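Below: one structure, written as structure tokens.
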Number of protein chains: 2
Amino acid sequence: MATIYDVASLARVSPATVSRVFNGMPVSEEKASAVRAAAATLNFTPNRTARSLRKQNSEVIALVIPDIENPFFTSLARGVEDRAQAEGYSVVLCNTDDDTSKEATYLEIAISENMAGVILAPASDHSDLTSVLSRGRPIVAVDRSAGYDIDGVMVDNRPAGQAAASALFKAGYKRVACITGPQGIDTADERTMGWRQVAIRQGGYVPELYLRNANHRVDGGRAAMADLLSMEVPPDAVVATNNLMGVGALQVLSEAGLTAPAVGVAVIGALPFSALDPATITIVEIPARNLGITAAKMLIERINGDTQPPRTIVLRNEISVASA
Amino acid sequence: MATIYDVASLARVSPATVSRVFNGMPVSEEKASAVRAAAATLNFTPNRTARSLRKQNSEVIALVIPDIENPFFTSLARGVEDRAQAEGYSVVLCNTDDDTSKEATYLEIAISENMAGVILAPASDHSDLTSVLSRGRPIVAVDRSAGYDIDGVMVDNRPAGQAAASALFKAGYKRVACITGPQGIDTADERTMGWRQVAIRQGGYVPELYLRNANHRVDGGRAAMADLLSMEVPPDAVVATNNLMGVGALQVLSEAGLTAPAVGVAVIGALPFSALDPATITIVEIPARNLGITAAKMLIERINGDTQPPRTIVLRNEISVASA
DNA sequence: GCATTCAATGAAATCGATTACAGTAATGTT
DNA sequence: AACATTACTGTAATCGATTTCATTGAATGC
């Protein structure tokens, strides 16, 4: 592994000059080309560890998400990555598994590796961000709020819940249930609230009886749906507040021989790999990729020295209603 | 940000002693506890950049994959991560987008960040691994082979192709098509070969006419399936050699009003979010998670000094045949 | 009681870059 | 001609840890 000293001695200049060439500082063309030639023959690339130790930062952004197997988050990740790449940053992905202690570990790593900043989809509303904040590293919350006064990029969750529920009532369903995530995640709570408002206004049944909290994954959706189906008076439609629970619900319904329009289904979040005819269910599209792009953009502004007070950007959802 | 020197002076010992305490070297209990107390009050964590510069390695594994939005790779990533966590390593995920130059960049980063090793699902068969190999860093190829004599973890691809095709013929279908990936990816080529062998032995049609190369994503599968359906004598069944192309094919079929058993479908690779009744399609399960676990295990053995000649481990698939 | 070991400790070198500072040569000013 | 300015360039300090080497003091052997 060639170092800057090897290059320097081959090019008959000082290490400082080599460094300058690689950092765009003024160097005579004569020496610069000697350095470039020497670097090429030695196959030299600057050691990022040394550089980041000295400069106290690196061109790497940490993206910390709760579930790497959820297409919503991978799509978000894709957005972050595309934007970051364009600005010369690399992205490393850290999976917390909804576990605040894993989350804390990754944040600690991000700091002590001098990473340029953090984009975080918090595992819960009691994430511990003190380590990041006390070091003054930029951080942006995405999808969920973190309970600190920091930058954030969210979607308008309550309207999403309202839209999903309204679409089903409008299609003629009478008892619209709701499968939502764990309490304490504001995204889930808000979407539920949206569903509840519409359901109450609609009347004709007791919404609370048809509300289920589940984990945010397929198995959670399955369990909740199975539970709903076993009711004495089961719902005739259901809103799932995230994509994976929606998949679980759809699976259980299809296994029970229930498909649209016998039972109405609305899902908040895209189902990219559902292989379903999109006309049969209502989808409230969450702009996952765009969340990522926007968060990356904000973070990079902060990295570049933007010091205005923390902002929260709220993105709009798109709704595509079942046509059947 | 507290350093080892701050801790040292607070605990009235030398920096060397602080380092020893944190690295399990012999230190008198008296001083050790003083150091621990000082570290706690200063909220000290060792700076990983400095450590890794000095030790010339870090406890981070790079996982380089072609498509982070493909559930197959995220499931694989999950396996890597679980194993790595258990051994005290962190995993950073790098997405190459099937682009060999992005791949090269990430490998370069992995090296110059002194990462402990690399797990690579190669973007193609002409990936450039010289930088990693010349530095002697451990590397394991996973899912696809890289054209170098290095460790690898694969699945038995040809039997997978055979199993998928056989299941469809056995169910009575006559013209079984195949939607496969780009040429030059051995995984795809082998699966295709398996399909071809069975199709030729079966006879009664010209398999080559029913073979389509597509990209490995949903849109590729859609395009190929649409093309197959437009044939004068369309196939009555299709094998998709990866999960996303399978999803694309299923979408097109369902939009055309064709579902099992009118058209038979077999997919190589799980469809975790399909929301389909699993009884209607044949799935050859690729043990994605297990690929990840195994690769991580091999890599960590190498990191720990294992020097036996390169090995390739081949994992078995499981087939679940459509019951309808 | 003296020599020998041994464990614990600290001072200083080290990893590979960046950068403050000082020095030098060339050019411009008056 | 003396001086100021500009524009490179090199020396050495620095980032924050680890590790070699020398030193100290205590324990052990005879």
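We use all heavy atoms of the structure for the numbers below, so side chains are in, but hydrogens, waters and symmetry mates are not. Just so we're on the same page: letters track the sequence lines, and every chain starts at 1. Note that the structure is a prediction, hence the values are computed from the model and not measured.
- Separating the CD atom of A:E113 from the P atom of D:dG16 is a distance of 15 Å, rounded to the nearest angstrom.
- Between A:D151 and A:R302 there is a salt bridge, since at least one side-chain N of the basic residue sits less than 4.0 Å from a carboxylate O of the acidic one.
- The distance between atom CZ of A:R12 and atom C1' of D:dG10, rounded to the nearest whole Å, is 15 Å.
- Within the 4.0 Å cut-off from OP1 or OP2 of D:dC15, not a single side-chain nitrogen or oxygen of B:N47 is found.
- Applying the 4.0 Å criterion to OP1 and OP2 of D:dG16, one finds that A:Q56 has a side-chain N or O inside that range.
- Taking 3.5 Å as the limit, the base of C:dT14 and the side chain of B:R54 contain a donor-acceptor pair of atoms between them.
- Note on the helix from C:dG1-D:dC30 to C:dT30-D:dA1: angle between the axes of the first and last five pairs equals 40°, rounded to 10 degrees.
- When rounded to the nearest whole Å, the span between NZ of B:K55 and C1' of C:dG16 equals 18 Å.
- Expressed to the nearest 0.5 Å, how far CG of A:D67 lies from OG1 of A:T96 amounts to 8.5 Å.
- In this structure, B:M25 atom CE and D:dA17 atom P are separated by 17 Å, rounded to whole Å.
- Counting non-hydrogen atoms under 4.0 angstrom, B:T3 reaches the backbone sugars and phosphates but no base.
- Minimum heavy-atom separation, B:K31 to B:V27: CB-CG1, 4.0 Å.
- Distance A:L53 CG to D:dA13 C1': 13 Å, rounded to the nearest Å.
- Closest to the side chain of B:K31, from the set C:dT9, D:dG10, D:dA17, is C:dT9.
- The aromatic ring centres of B:F44 and B:F22 sit less than 6.0 Å apart.
- Relative to the side chain of B:F44, the nucleotides D:dG10, D:dA17, C:dG10 differ in distance, and D:dA17 lies closest.
- Side-chain N or O atoms of A:T105 include one that pairs as donor or acceptor with a backbone N or O of A:S101 at under 3.5 Å.
- Two residues, B:T17 and B:T49, neighbour DNA chain D, and the one matched to the more 5' nucleotide by heavy-atom proximity is B:T49.
- If you check every strand for non-hydrogen atoms under 4.0 Å, A:R48 touches nothing.
- Judged by closest nucleotide on DNA chain C, B:E30 is the one of A:P15 and B:E30 placed further toward the 5' end.
- Nearer the 5' end of DNA chain D, as judged by each residue's closest nucleotide, is the contact made by A:P26, out of A:A16 and A:P26.
- Nucleic acid contact for B:V18: none, since no nucleic acid atom lies under 4.0 Å from a heavy atom of the residue.
- Residue order along DNA chain C, read from the 5' end via each residue's closest nucleotide, puts B:S28 first among A:F22 and B:S28.
- At a threshold of 4.0 angstrom between heavy atoms, the contacts of B:Y5 include nucleobase atoms, whether or not backbone atoms are also involved.
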How far apart are the C-alpha atoms of B:E29 and B:R36, what are their side-chain angles, what is the distance that settles it, and do they pass the salt bridge (Lys or Arg N to Asp or Glu O under 4.0 Å) test? CA-CA 10 Å; B:E29 184 46 39; B:R36 276 190 289 268; 3.0 Å; yes
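- With A:R144 contributing its side chain and A:P122 its backbone, the two residues share a donor-acceptor pair below 3.5 Å.
- Note on A:E301 versus A:K297: no salt bridge recorded, every NZ/NE/NH1/NH2 to OD/OE distance being 4.0 Å or above.
- A donor-acceptor contact under 3.5 Å is formed by the side chain of B:R20 with the base of D:dT20.
- Residue-level contact check: B:S19 touches the bases, meaning some heavy atom is under 4.0 Å from a base atom.
- For the pair A:I4 CD1 and D:dA12 P, the computed distance is 17 Å after rounding to whole Å.
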